[in-house]
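Structure first, commentary second.
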Amino acid sequence: MSEQEDNLPVDENHVIAERREKLKAIRAQGIAFPNDFKPDALAANIHAAHSGTENEAFEAKPVHVKVAGRMMLKRVMGKASFATLQDKSGRIQLFIGSSNLDEATYEAFKHWDLGDILGATGHLFKTKTGELSVKVTELRLLTKSLRPLPEKFHGLTDQEVKYRQRYVDLIVNEETRATFMARSKVVSAIRNFMIQNEFLEVETPMLHPIPGGASAKPFMTHHNALDMQMFMRIAPELYLKRLVVGGFERVFEMNRNFRNEGLSVRHNPEFTMMEFYAAYTDYHWLMTFTEDCIRAAAIAARGTATLSYDGKEVDLSKPFERLTVIGAIQKHAPEFTLAQLNDEDFLRKELKKHGLEANKHAGVGSLQLSLFEEVAEAKLWNPTYIIDYPVEVSPLARASDKNPEITERFELFITGREMANGFSELNDAEDQAARFNAQMKAKEAGDTEAMYYDADFIRALEYGMPPTGGCGIGIDRLVMLITDSPSIRDVILFPHMRAEA
RNA sequence: GGGGCGUUAGCUCAGCUGGUAGAGCAGCGGACUUUUAAUCCGUUUGUCGUGGGUUCGAUCCCCGCACGCCCUACCA
């Protein structure tokens, strides 16, 4: 302890200096950070059980409680004071009167600060204005807070501080707490939904020798003992499919993916994906299942599937619309004729008008997809599945039996954002090997996001993977939708930031 | 990566055409035995993000940099 005193940080301001002085005095009197107070009641439970109880009933049969929490409001008035404690469930008011409490403690309380963590023992009663409160008979300072909280009425609004010091944001902003509690409900609802449908939850590697399962730039790292380059995973797909080969016919994994790409209101370098695979299912089954899963998550978190996002209604309660890439263009950009949309030269010219230079090797399918992204994607406000993605942009998806140029793949859009991506899996080992070879050629031609050839994955497929459907749901974006949050950073507790200035 | 906007007390914010900074909350002292963002009286606190430039003089005008937010690009 004596060494510590020499290393005390220089105080940033007089408020902190004042509080350090108070702490010093508390240390001198005994144990400054006691850990022997055990609360037996939570604010929300007290309100739920006794909001209807009147003082006559409390007098006839006193209700004793021990509560603990952070002091958020404090009103000192001569010999009787009020304080508001906040615990994980909510807030409860304390009535602290010198007639119920020993004089020394009451005097000490007057000098305690907003943000201090207190433990209070007493019995319930209602004040003149009818507020359920604890008449305190014993009061203890459990943890001295050295830093002043943000202003008690306006709270914390600085986005940078909200993200960098989430602990402060959580202390003072009820909406932030509500958002992350909703996120937890979404996650557990999805997990329950999967388990109820006989999926096995698994954990596959985060460190990959070969990045695979998506088209994205990976984070690179190095394993010292093995002296080998490793990649943070960009997707768990190829490992989950190995498990389907192994006989785990229904598996899911809900965890982080890492992609070394730009940041935006919809992109964080690490993000959470729920990816699942079900043998003997196809993309039609996946669409219905994904829809049911998302609906269950919304209802678990919000009590309804009819949501509001950015002031506009989003209806998850009705069956999601299903459109082909061409169908979506025709619906949202009816100026194009079917003949034009199948004319490679026309598509290239049209994309050029939008400032896009299409890849020389791009076929009609991917040109159509590019045009779709330009003219239709952002307009898909209510849930819409887009189906029939071209083979060349879907190297892991099963090709359609009717048209070898397209795959049995869908992407789900809600509020103009991609929420999920799924397909009937490619389980033809020889076709998969050929697709990997095509990706290798693209990589050699300069496509930095093209996939690597994963020989072990091919070997696994050669043992035989049953016909399977698989899908990934972007959990952060889903939580954004369900909590009406404008930025992905609002639904990630500690979002990626640059080093502090 | 490109573009726009922002950064003033611990927090929320004012600060006019350039003359070395203010309010409320928080803090400190005082009054007050049922308050609700308690109230009332008194009072303390600032490298005005950072480095240059223009000027007799810069929080203010100009340039660079840092960080943040938004848009955009790649992507989920």
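A note on names: the letters A, B, ... follow the listed sequences, proteins ahead of strands, and every chain is numbered from 1.
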> Which of the following nucleotides, C69(B), U34(B), A26(B), is nearest to the side chain of Gln159(A)?
Replying inline: C69(B)
> Across the strands shown, which category fits Arg91(A) at heavy-atom distances under 4.0 angstrom: base, sugar-phosphate, nothing?
Replying inline: nothing
> Could you give the CZ-to-P distance, from Arg147(A) to A9(B), as a whole number of Å?
Replying inline: 15 Å
>> Side chain of Met77(A), heavy atoms from C-beta onward: which of A26(B), G68(B), C32(B) has the nearest atom to it?
In response: C32(B)
>> Without decimals, in angstroms, what is the distance between Phe58(A) CZ and U34(B) P?
In response: 20 Å
>> Judged by each residue's nearest nucleotide on RNA chain B, which is more toward the 5′ side, Phe82(A) or Val76(A)?
In response: Phe82(A)
> Of all the nucleotides listed (G68(B), U12(B), U33(B)), which has the minimum atom distance to the side chain of Thr157(A)?
Replying inline: U12(B)
> Does a sphere of radius 6.0 Å around NZ in Lys110(A) hold more than 12 heavy atoms from other residues, nucleotides or ligands, not counting ones at 6.0 Å or beyond?
Replying inline: yes
>> Base, sugar-phosphate or nothing for Met497(A)? Non-hydrogen atoms, less than 4.0 Å.
In response: sugar-phosphate
>> Roughly how many Å apart are C65(B) and C25(B), using the P atom of each and rounding to a whole number?
In response: 41 Å
> Between C28(B) and C13(B), how far is it from one C1' atom to the other, in whole Å?
Replying inline: 23 Å
> Out of G68(B), A37(B), C74(B), which has the shortest distance to the side chain of Lys217(A)?
Replying inline: C74(B)
> Which of these, Phe410(A), Phe289(A), Tyr277(A), sits in a side chain to side chain contact (heavy atoms under 4.5 Å, CB included) with Cys471(A)?
Replying inline: Phe410(A)
> NA contact type, Glu411(A), heavy-atom cut-off 4.0 Å: base, sugar-phosphate, or nothing?
Replying inline: nothing
>> Using atom P in both nucleotides, what's the gap between G15(B) and C61(B) to the nearest angstrom?
In response: 13 Å
>> Classify Val265(A) by what it touches in the nucleic acid, base, sugar-phosphate, or nothing, heavy-atom distance under 4.0 Å.
In response: sugar-phosphate
>> Just to be sure I understand the rule, does Asn100(A) reach a base, reach only the sugar-phosphate, or reach nothing, if contact means heavy atoms closer than 4.0 Å?
In response: nothing
>> Taking the nucleotide of RNA chain B with the nearest heavy atom to each, does Asn421(A) or Ala80(A) sit closer to the 5' end?
In response: Ala80(A)
Which pairs of donor and acceptor atoms, one on a side chain in residues 369-381 of chain A, lie under 3.5 Å apart (sequence neighbours left out)?
{"unit_1": "Ser370(A)", "atom_1": "OG", "unit_2": "Ser366(A)", "atom_2": "O", "d": "3.1"}
{"unit_1": "Lys379(A)", "atom_1": "NZ", "unit_2": "His332(A)", "atom_2": "O", "d": "3.1"}
{"unit_1": "Trp381(A)", "atom_1": "NE1", "unit_2": "Glu313(A)", "atom_2": "O", "d": "2.9"}

>> In this structure, how many angstroms lie between the P atom of U33(B) and the CZ atom of Phe125(A), rounded?
In response: 16 Å
> To the nearest Å, how far apart are Glu373(A) CD and A73(B) P?
Replying inline: 11 Å
>> Is there, by distance only and without an angle test, a donor paired with an acceptor across the side chain of Glu131(A) and the base of U35(B) below 3.5 Å?
In response: no
> Is it true that Arg398(A) and Asp282(A) have a side-chain N and a carboxylate O under 4.0 angstrom from each other?
Replying inline: no
> Could you give the distance from CD1 (Ile473(A)) to CZ (Phe276(A)), rounded to the nearest 0.5 Å?
Replying inline: 5.0 Å
>> Rounded to whole Å, please give me the gap between NZ in Lys110(A) and C1' in A38(B).
In response: 15 Å
> In whole Å, what is the span from the NE2 atom of His111(A) to the C1' atom of G29(B)?
Replying inline: 10 Å
> In whole Å, what separates the P atom of U44(B) from that of A38(B)?
Replying inline: 24 Å
> Rounded to the nearest 0.5 Å, how far does CG of Leu481(A) lie from CD1 of Ile414(A)?
Replying inline: 5.5 Å
> Roughly how far apart, to the nearest Å, are G53(B) and U45(B) at atom C1'?
Replying inline: 32 Å
>> Less than 4.0 angstrom between a side-chain N/O of Lys22(A) and OP1 or OP2 of C28(B), yes or no?
In response: yes
> Within a reach of under 6.0 Å around CZ of Arg166(A), are more than 12 heavy atoms found that belong to other residues, nucleotides or ligands?
Replying inline: yes
> From A26(B), U33(B), U12(B), pick the nucleotide closest to the side chain of His154(A)?
Replying inline: U12(B)
>> Does Gly97(A) reach a base, just sugar-phosphate, or nothing at all? Heavy atoms under 4.0 Å.
In response: nothing
>> I want to verify a distance call: between U34(B), C28(B), U72(B), whose nearest atom is closest to the Arg266(A) side chain?
In response: U72(B)
> For Asp476(A), which contact category applies under a 4.0 Å heavy-atom criterion: base, sugar-phosphate, or nothing?
Replying inline: nothing
> With a non-hydrogen cut-off below 4.0 angstrom, is Leu263(A) in contact with a base, only sugar-phosphate, or nothing?
Replying inline: base
>> Both atom distances under 3.5 Å, Watson-Crick or G-U wobble: I'd like the secondary structure of RNA chain B as a dot-bracket string, with | for pairs made across strands.
In response: (((((((..((((.....[..)))).(((((.......))))).....(((((..]....))))))))))))....
>> By nearest atom, which of the nucleotides U72(B), G27(B), A38(B) is closest to the Leu73(A) side chain?
In response: A38(B)
> From the list U34(B), U12(B), G27(B), which nucleotide is the closest neighbour of the side chain of Leu156(A)?
Replying inline: U12(B)
> Is any side-chain nitrogen or oxygen of Arg259(A) closer than 4.0 Å to OP1 or OP2 of C74(B)?
Replying inline: no
> Do the side-chain N or O atoms of Lys152(A) get closer than 4.0 angstrom to the phosphate oxygens (OP1, OP2) of A26(B)?
Replying inline: yes
> Considering only the P atoms, how many Å lie between G18(B) and C60(B), rounded to the nearest integer?
Replying inline: 11 Å
>> I'd like to know if Glu201(A) and Arg191(A) make a salt bridge, using a cut-off of under 4.0 Å between side-chain N and carboxylate O.
In response: yes
>> Please report the distance separating the P of U17(B) from the corresponding atom of C74(B), rounded so that it comes out in whole Å.
In response: 42 Å
>> Can you tell me which nucleotide in G24(B), U35(B), C67(B) comes closest to the side chain of Arg498(A)?
In response: C67(B)
>> Side chain of Arg164(A), heavy atoms from C-beta onward: which of G68(B), C74(B), C69(B) has the nearest atom to it?
In response: G68(B)
> Can you tell me if CE on Met206(A) sees more than 12 non-hydrogen neighbours from other groups inside 6.0 Å?
Replying inline: yes
>> Does Lys443(A), at its NZ atom, have more than 12 non-hydrogen atoms belonging to other residues, nucleotides or ligands within less than 6.0 Å?
In response: yes
> Side-chain N or O of Arg75(A) less than 4.0 angstrom from OP1 or OP2 on U35(B)?
Replying inline: no
> Between His14(A) (NE2) and U44(B) (C1'), how many Å, whole number?
Replying inline: 6 Å
> In whole angstroms, how far is the P atom of A26(B) from the CE atom of Met71(A)?
Replying inline: 12 Å
> So, are Lys126(A) and Glu56(A) salt-bridged, with charged N and O less than 4.0 Å apart?
Replying inline: no
> Using a cut-off of 4.0 Å on non-hydrogen atoms, how would the nucleic acid contact of Gly472(A) be classed: base, sugar-phosphate, or nothing?
Replying inline: nothing
